Amino acid sequence: MKNHTKKYFERLYGEGQGARRPAIGGKALATDLGYPRQVVEAVPGALWEDFLPCGDVFPYVRPRDGDRVLNLGSGAGVDSLALRLAGGFRGGIVNADIVFSVLEKASRTVRQAFPGLRFDWICADGEELPFAPGAFRWVIVNGVLSLCPDKEKLASGLGRVLEEGGILAGADLCRKGPLPDYFREEPDAWAWCMTGALSRAELESLFHTAGFRGLEWISEPMDEFFDRVVFVYRKR
Ligand SMILES: C[S@@+](CC[C@H](N)C(=O)[O-])C[C@H]1O[C@@H](n2cnc3c(N)ncnc32)[C@H](O)[C@@H]1O
């Protein structure tokens, strides 16, 4: 499943050939989700093309300048830009994604549009995080948890790379109940954050077991099967 998801995003971020895009995206989606106006207006078009979040985590990520932030499954890195442009954050931010091409394209666009504004861009699998224990004070996971087949491995890895008291802020889809078979029969539905989505109880249990304590839970109905959720956890 991970291979299919990776290939799906490679196609989507490439020419878009053969990968079905969400009906609403870019600035319209950012505005709908409540991204700060400053961000909506400043982000270049080339980044909006690859903007695929499940929610707006910006209000819950408040790093101080000495902190380090990991944006895992960053895609084009719009959440990281929000921290710089609207949050005024000047500390270290690592944008990590399993798809190289999106990092390559986004890093080029950011360099051209915002000379002097720096991120680290790392191609990595969230289930095999290549970072030292306690390397980050903050982790963002926007639309990534549902995509990972081994969620226990992802959650324990996030617990490892966060320092004590560090904060995980995520957004995703949550399943309201059992899903009809057609989600499993449509392989792309995994890449749409649907087939691999957890219920709220499963998500809470996953992070409690991995050593996190819940801080915030914001939920909005999306359709008959899913809620859009933003969740915030602190490493105990
Ligand atoms: C739904 S998109 C969200 C992108 C971005 N967070 C945003 O808000 O635009 C999911 C992203 O996670 C990446 N991804 C999927 N599986 C991953 C994994 N195992 N490790 C790291 N990144 C992954 C995809 O390549 C894609 O860029």
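Computed from a predicted structure; not experimentally measured.
Across L103 and S74, no two heavy atoms sit closer than the pair CD2-OG, 3.7 Å. The minimum heavy-atom distance between A155 and L206, with the atom names listed, is CB-CG, 3.9 Å. Residue V61 comes nearest to A169 through the heavy atom pair CG2-CB, 3.7 Å, listed as atom of the first residue, atom of the second, then distance. For P53 against L33, the heavy-atom pair with the smallest separation is CG-CD1, 3.7 Å. The shortest heavy-atom contact between K176 and D223 is NZ-O, 2.7 Å. Residues C174 and L203 come closest through the heavy atom pair SG-CD1, 4.1 Å.
When side chains are defined from C-beta on, K6 does not count as touching M1, because their heavy atoms never get closer than 4.5 Å. Between L154 and E152 the shortest side-chain heavy-atom distance does not fall below 4.5 Å. Counting only heavy atoms from C-beta outward, the side chains of Y13 and E49 never approach each other to under 4.5 Å. Between F231 and Y60, every side-chain heavy-atom pair lies at or beyond the 4.5 Å cut-off. The closest side-chain heavy-atom distance from L117 to V110 is below 4.5 Å. Inter-residue side-chain proximity for V39 and L81 is flagged as unmet; no heavy-atom pair is nearer than 4.5 Å. Counting heavy atoms from C-beta outward, L129 and R160 have side chains that approach closer than 4.5 Å. In this structure the side chain of E10 never reaches within 4.5 angstrom of the side chain of L12, judged on heavy atoms.
Residues satisfying the side chain to side chain donor-acceptor pair (under 3.5 Å) criterion with E41, sequence neighbours excluded, are R37. For F225, the ring pair (Phe, Tyr, Trp, His ring centres under 6.0 Å) criterion is met by F183, not counting sequence neighbours.
Taking the charged nitrogens against the carboxylate oxygens, R64 and D67 have no contact shorter than 4.0 Å, which rules out a salt bridge. Salt-bridge formation is detected for the pair K2/D125: a Lys NZ or Arg NE/NH1/NH2 atom is positioned less than 4.0 Å from an Asp or Glu carboxylate oxygen. A salt bridge does not link K151 to E127: none of the charged nitrogens lies less than 4.0 Å from a carboxylate oxygen. Salt-bridge annotation for E202 and R175: present, with a side-chain N of the basic residue lying under 4.0 Å from a carboxylate O of the acidic one.
Here the straight-line distance linking atom CH2 of W121 with atom CG of N95 works out to 4.5 Å at 0.5 Å rounding. In this structure, F9 CZ and H4 NE2 are separated by 10.0 Å, a value rounded to the nearest 0.5 Å. Note that SG of C193 is 4.0 Å distant from CG of L147, once rounded to the nearest 0.5 Å. A distance of 13.0 Å separates CH2 in W48 from OG1 in T109, rounded to the nearest 0.5 Å. If you take OG on S156 and CZ on F207, they are separated by 10.5 Å, rounding to the nearest 0.5 Å. Atoms CZ and OG, on F226 and S199 in that order, are 12.0 Å from each other to the nearest 0.5 Å.
Cluster annotation: L83 is connected to V230 through the hydrophobic network of ILVMFWY side chains, with a link wherever side-chain heavy atoms come within less than 4.5 Å. Side-chain heavy atoms closer than 4.5 Å link hydrophobic residues (I, L, V, M, F, W, Y) into clusters, and following such links, possibly through other members, connects I122 to L72. Hydrophobic cluster membership is shared by L85 and L47, with clusters built from Ile, Leu, Val, Met, Phe, Trp and Tyr side chains linked at under 4.5 angstrom. Put simply, V57 and I167 are part of the same group of oily side chains (I, L, V, M, F, W, Y) that touch within less than 4.5 Å, one to the next. Under the 4.5 Å side-chain heavy-atom criterion for ILVMFWY residues, no single connected hydrophobic cluster contains both F100 and L70.
Taking a 6.0 Å sphere around CZ of R90, one finds it holds 12 or fewer heavy atoms contributed by other residues, nucleotides or ligands. Counting heavy atoms of neighbouring residues, nucleotides and ligands inside a 6.0 Å radius, atom NZ of K7 does not exceed 12 of them.
Using a 3.5 Å distance cut-off with no hydrogens or angles, the side chains of N142 and D79 do pair a donor with an acceptor. For the residue pair Y8 and W192, a side-chain donor N or O sits within less than 3.5 Å of a side-chain acceptor on the partner.
With W217 contributing its side chain and V232 its backbone, the two residues share no donor-acceptor pair below 3.5 Å. A distance-only check finds a donor-acceptor pair linking the side chain of Y35 to the backbone of G55 [under 3.5 Å]. In this structure, T31 contributes its side chain and K27 its backbone to a donor-acceptor pair below 3.5 Å. For D227 (side chain) and V229 (main-chain N/O), no donor-acceptor pair under 3.5 Å exists by modelled atom type.
Across V144, V141, D172, a single residue satisfies side chain to side chain contact (heavy atoms under 4.5 Å, CB included) together with C54, and that is D172. Considering R137, K235, R234 as possible partners of E163, the one that fulfils the salt bridge (Lys or Arg N to Asp or Glu O under 4.0 Å) test is R137.
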Subject >> Candidate pair D56 and R228, rule side-chain contact (heavy atoms from CB on, under 4.5 Å), full reasoning >> reply: CA-CA 10 Å; D56 177 16; R228 270 186 195 282; over 6 Å; no
Subject >> From CA spacing to verdict: side-chain contact (heavy atoms from CB on, under 4.5 Å), E128, K153 >> reply: CA-CA 8 Å; E128 308 282 347; K153 204 165 176 198; 2.6 Å; yes
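In this structure, R236 forms no cation-pi arrangement with Y233, as its terminal cationic atom is not both closer than 6.0 Å to the ring centre and no more than 45° off the ring axis.
Here ring pair (Phe, Tyr, Trp, His ring centres under 6.0 Å) pairs that include residues 136-180, with residues two or more places apart or in two chains, are F131-F136.
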